Structures are given as structure tokens and as C-alpha cells.
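What you are looking at is a predicted structure, and each value in this text was computed from that prediction instead of being measured.
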Amino acid sequence: MNKPKLDDPDLSLADLMTHWPRTIPVFIRHRMLCVGCPISRFHTVANACAEYHLNEKDLLAEFKQTIDLE
């Protein structure tokens with residue numbers, strides 16, 4: 001199976017954290033409860049940003065910066 005794309009709007013948070021575990025500290029730094037949440041299988045970055053009142057573009061940039069370090 002191919003690795004998903006970070007900018008895929010349908011990418012679940014669970015898949016994001018599974019494929020790029022170095023993104024987990026980003027969630028924690030923003031005090032997001034997504035890590036270990038059973039809903040993370042269904043929520044996307046857009047859903048989480050709406051829930052936590054975060055800018056989606058900025059959060060995706062943080063994830064990308066973290067992933068680029070891999």
C-alpha cells in the first residue's frame with residue numbers, strides 16, 4: 001500500500017499519526033486530545049482544526065516541517 005499524502009483532505013488523523021509518528025508531538029504541543037482518541041480514525045486535519053480553532057494551513061505546515069526532518 002502506498003503512503004498517503006499529507007495534503008489529502010480525507011486523510012484521517014489516525015493514519016497521519018501512524019505513517020508519520022513524529023507528528024504526535026505537534027498534536028501534544030497544541031494540547032489536542034487526538035493522540036489515542038478513538039474518533040481520530042474518522043476525523044481529518046480540517047475536523048481537528050475546526051474543533052480546536054486552529055488554522056489548518058499553519059498546522060499542515062507544522063506537520064510538513066516535522067515530516068521533512070525524517
Side-chain angles (χ1 to χ4, degrees):
M1 186 168 139
N2 292 335
K3 197 171 207 175
K5 294 186 180 203
L6 181 63
D7 60 356
D8 178 353
D10 296 322
L11 177 66
S12 74
L13 298 176
D15 285 343
L16 186 150
M17 289 183 266
T18 297
H19 288 285
W20 297 287
R22 291 182 79 175
T23 61
I24 293 172
V26 176
F27 287 98
I28 294 169
R29 188 169 43 253
H30 286 283
R31 298 178 185 215
M32 300 169 78
L33 302 175
C34 304
V35 180
C37 176
I39 303 301
S40 69
R41 293 177 38 218
F42 308 103
H43 272 187
T44 64
V45 172
N47 298 137
C49 286
E51 183 70 28
Y52 288 95
H53 308 287
L54 297 172
N55 181 290
E56 183 177 352
K57 187 184 249 185
D58 292 344
L59 187 62
L60 283 170
E62 278 190 70
F63 289 146
K64 182 167 178 15
Q65 183 179 19
T66 301
I67 290 166
D68 286 346
L69 297 175
E70 293 183 340

Starting from the C-alpha separation in whole Å, work towards a yes-or-no answer on side chain to side chain contact (heavy atoms under 4.5 Å, CB included) for W20 and T66. CA-CA 9 Å; W20 297 287; T66 301; over 6 Å; no

Return a table of donor-acceptor pairs under 3.5 angstrom between the side chains of residues 27-37 and protein atoms on other chains or two or more places apart.
{"from": "R29", "atom 1": "NH2", "to": "E62", "atom 2": "OE1", "distance (Å)": "3.4"}
{"from": "H30", "atom 1": "NE2", "to": "E62", "atom 2": "OE1", "distance (Å)": "3.3"}
{"from": "H30", "atom 1": "NE2", "to": "E62", "atom 2": "OE2", "distance (Å)": "2.7"}

Test side chain to side chain donor-acceptor pair (under 3.5 Å) applied to D8 - qualifying residues, sequence neighbours left out: none

Would you say the side chain of L11 lies within less than 4.5 Å of the side chain of V45, judging by non-hydrogen atoms? no

Can you tell me how far the CE atom of M17 sits from the OG1 atom of T23, to the nearest 0.5 Å? 6.5 Å

Sorted by first residue and then second, give each side-chain hydrogen bond (donor to acceptor under 3.5 Å, both in side chains) pair with at least one member in residues 47-61; sequence neighbours left out. T44-N47

Rounded at 0.5 Å granularity, tell me how far NZ in K3 sits from CG in D15. 12.0 Å

Value rounded to 0.5 Å, distance of CG in L13 from CZ in R41: 12.5 Å

